[in-house]
Amino acid sequence: MSAAVQTGGATPRPPGPPHHFLDDLFTRRALWVTGKGGTGKSTISAALALLASERGLKTLLIDVEANGDAARFLDAGASRSEPREARTNLFHLALHPQEVLDEYLHVAMKVPRVRRFGPIRKVFEFIATAAPGIKEVLIAGKVGFEERAMDGARPRWDVIVVDAAPSGQVVSHLRGPRTIQEIVDVGLIRNQTAWVREILEDPEKTGVVVVSLPEEMPVTETTELLAHLPKEVKTPVLAVIANRVVEVADDAALDAVAQASDGALAEAAHLWLDLARSERPYIEQLRELGPPTAAVPLIGFDHHDLAATKAIASALESSS
Amino acid sequence: MTMRDVLAERSIIVVCGAGGVGKTTTAAAIALDAARDRKVIVVTIDPAKRLASALGLDGGLGNAENKVDLPDGFNGTLDAAMLDMKTSWDDLVDRYSPTRAQAERIKTNRIYRGVSEQFIGSQGYMAMERLADLYDQRKYDLVVIDTPPTRSALDFLEAPKRMTDFIGGSLLRWMAKPYAAAGRIGARAFSFTASPFLRIADRVLGSQVLEDISALVMDFQNMYDGFKERAEQVLALLSSDETGFLVVTTLEGPPLQEAGFFIDRLVDEHLHLSGVVANKVVPLSLANVPADIDVPSDGLDPNAIEEAKHALRTLSILASRDARNLDELRHRSKTEIAQVPLMTHDVHDLDGLRELAAYVLGASGGFVAPSEASIRG
């Protein structure tokens with residue numbers, strides 16, 4: 001994968017088990033977590049952020065689609081505009097495109113906030129809608145802004161986990177600054193996107209984590225993303241995580257148990273075995289893609305709350 | 001009354017739900033079933049590769065319609081088509097532009113090229129536009145349409161209105177004016193210094209981009225009446241008795257929540273909710289089963305016994321969740337929920353679609369747990 005381990009943050013990293021894929025992940029300043037809709041990218045984002053914070057890293061979880069899932073998975077209330085502390089070392093922030101736009105206009109354009117409902121904003125809403133790349137670059141720019149932010153002499157965040165757009169759209173987010181530079185010949189925004197692009201495409205600082213399921217569509221989409229991404233941006237894919245995996249150690253042994261029992265146990269054992277068998281070819285395809293892979297087992301939980309997120313985090317920790 | 005009877009009353013079925021719940025496959029399955037005795041077309045957004053090839057859609061056909069070879073005993077016809085965004089936008093521009101020159105001008109505008117792929121809700125708009133178009137052709141008895149995997153499943157309902165607001169916005173006209181004027185006199189003498197808003201926009205974006213945008217806006221203006229009329233037609237069609245909505249969901253958190261919002265919204269708007277399909281349902285016979293069951297351990301691998309118990313514990317929690325959520329969903333929608341069991345194989349051919357159709361369309365009243373045999377496919 002990427003080159004030598006570089007500690008981007010100011011906090012010394014506690015040593016983990018050697019060569020665990022998480023160690024490599026958490027040397028980056030920002031992790032963009034993506035995946036096909038329904039694969040559990042918000043779940044994995046929340047679990048990764050929890051793991052980073054438990055390693056003593058000051059962590060920010062950014063929810064790009066502002067649907068509040070990530071906060072709910074941490075038993076935290078919704079955030080607006082400002083990072084909000086969910087647990088020790090763990091903050092979360094939901095990005096509302098309009099507010100990001102307001103902040104941009106205020107900080108970069110010196111447009112007074114009092115006029116945020118006025119015509120300027122409407123004009124910009126239109127431009128942000130019509131001109132390709134603007135909305136995306138605002139999101140990427142906000143992540144970059146947090147990445148650069150300092151608290152005194154040290155960076156404000158050691159790790160930023162981005163619950164990013166689904167795999168169909170994440171490339172246009174990561175590519176936002178490039179798109180702007182291709183289409184905008186002059187102007188302030190061109191200059192302002194240069195540094196965002198630098199951060200996004202620095203493999204030492206930023207990486208992508210792809211969440212998938214051991215099923216046809218998600219694996220196809222993951223494969224396509226991995227083929228497409230390097231053509232558009234230099235940001236590396238650091239890990240592919242197979243979610244909700246059913247693993248069986250010994251098919252014949254479990255089958256024997258299923259045959260010897262009856263009722264619910266037999267039904268569950270048969271279904272479990274069938275699921276494991278159907279998933280294996282897809283797990284294999286994900287492994288062959290190149291980046292390190294991890295498998296998170298299918299976990300039985302009723303509500304997706306903090307306890308569920310902790311169970312998933314611990315599965316990630318013990319996955320190799 | 002079965003779901004098949006309910007859907008037979010409609011000539012348009014709109015299949016909706018969150019991303020990844022099986023909308024496309026469900027749309028294809030009900031279309032295939034209806035092709036027993038009707039002329040049917042199914043329009044899909046993004047089918048899985050093998051399903052696409054089963055429907056003959058893997059050849060990069062753009063928006064073209066493909067005739068599907070039907071099994072024996074099917075006396076209707078089935079066409080399948082994909083929604084290709086680029087082709088759809090170009091068709092739209094061709095249709096509503098007053099002159100060919102204008103259509104060409106729009107299609108070569110670099111902002112248009114970006115808009116046509118990325119404009120918010122444009123997939124939803126195109127799906128609805130396509131629907132109205134197919135309906136107008138009167139070639140089919142039934143149009144089944146898949147909706148885009150928007151984060152919010154409701155977006156496409158507003159897509160036609162948003163599109164006309166976008167094009168008809170007085171703000172845009174006003175904004176485009178200085179550029180248009182400047183363009184006509186062939187100089188930038190008449191510039192934006194008069195308008196503080198445009199001065200800022202110019203600083204941010206540079207003048208070339210603003211000029212491209214204003215050119216596009218001016219050209220779009222001329223298409224406004226066409227768009228507006230069409231949007232009104234589409235909304236009328238969606239609210240008519242011709243159209244039924246089928247909501248597809250899984251029974252886990254976020255997709256289920258979205259399905260709930262969608263159902264409420266359909267009711268609020270007086271649209272016809274024809275049915276709800278719960279996909280990937282864990283066998284309800286496993287719900288609320290005690291965790292520890294005695295197993296005859298003679299000659300069996302103790303690890304495998306533990307594995308079986310773990311399987312039961314896990315599946316039992318999920319089955320209990322599904323049972324409870326099914327109940328809530330039925331109360332909320334006041335309609336029967338068709339259950340499709342968790343399958344251990346992907347649906348990728350006509351046989352798979354028929355199996356799926358049997359679950360969806362054969363469903364009627366009552367909550368009957370799927371039989372053990374059918375779960376394993």
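Quick note on labels: first sequence line is chain A, next is B, and so on, each numbered from 1. We use all heavy atoms of the structure for the numbers below, so side chains are in, but hydrogens, waters and symmetry mates are not.
No other option in A/S278, A/G38, A/A252, A/P218 has as many heavy-atom pairs under 4.5 Å with chain B as A/S278. Between chain B and the residues A/M217, A/E216, A/E221, the largest count of heavy-atom pairs under 4.5 Å involves A/E216. Taking chain B as the reference chain and counting heavy-atom pairs below 4.5 Å, the highest number among A/P166, A/A269, A/A253 is found for A/A253.
Of the inter-residue distances, the one linking A/D274 atom CG with B/H345 atom NE2 reads 9.5 Å to the nearest 0.5 angstrom. Here the CZ-CD distance, from A/R72 to B/Q257, works out to 4.5 Å after rounding to the nearest 0.5 Å. Going from atom CZ of A/R244 over to atom CD of B/E252 covers 4.5 Å, rounded to the nearest 0.5 Å.
The minimum heavy-atom distance between A/L265 and B/A308, with the atom names listed, is CD1-O, 3.6 Å. Residues A/A260 and B/L300 approach most closely at CB-CD1, 3.8 Å, considering heavy atoms. Counting all heavy atoms, side chain and backbone alike, A/G300 lies closest to B/T314 at N-CG2, 3.5 Å.
Looking only at side-chain heavy atoms (C-beta outward), B/I317 and A/I299 stay at 4.5 Å or farther from each other. For the pair B/L315 and A/L271, the minimum side-chain heavy-atom distance is below 4.5 Å. Counting heavy atoms from C-beta on, the side chains of B/R321 and A/F301 never come closer than 4.5 Å.
Contacts of A/E247 with chain B are made by backbone atoms alone, with heavy-atom separations under 4.5 Å and no side-chain atom involved. Using a 4.5 Å cut-off between heavy atoms, A/E224 touches chain B through its side chain atoms alone. When heavy atoms are compared at a cutoff of 4.5 Å, B/I305 approaches chain A by way of both its backbone and its side chain.
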Discussion item. Using side-chain contact (heavy atoms from CB on, under 4.5 Å), reason through A/L298 and B/L318 one step at a time and then give a plain yes or no.
Written reply: CA-CA 10 Å; A/L298 176 67; B/L318 297 176; 4.0 Å; yes
Item to complete: Carefully, step by step, assess A/D250 and B/E307 under the rule side-chain contact (heavy atoms from CB on, under 4.5 Å).
Response: CA-CA 10 Å; A/D250 182 340; B/E307 208 165 40; 5.7 Å; no
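Using modelled atom types, no side-chain atom of A/E267 and backbone atom of B/L286 make a donor-acceptor pair closer than 3.5 Å.
Among the candidates A/L273, A/V246, A/L275, the single residue satisfying the side-chain contact (heavy atoms from CB on, under 4.5 Å) test with B/T344 is A/L275.
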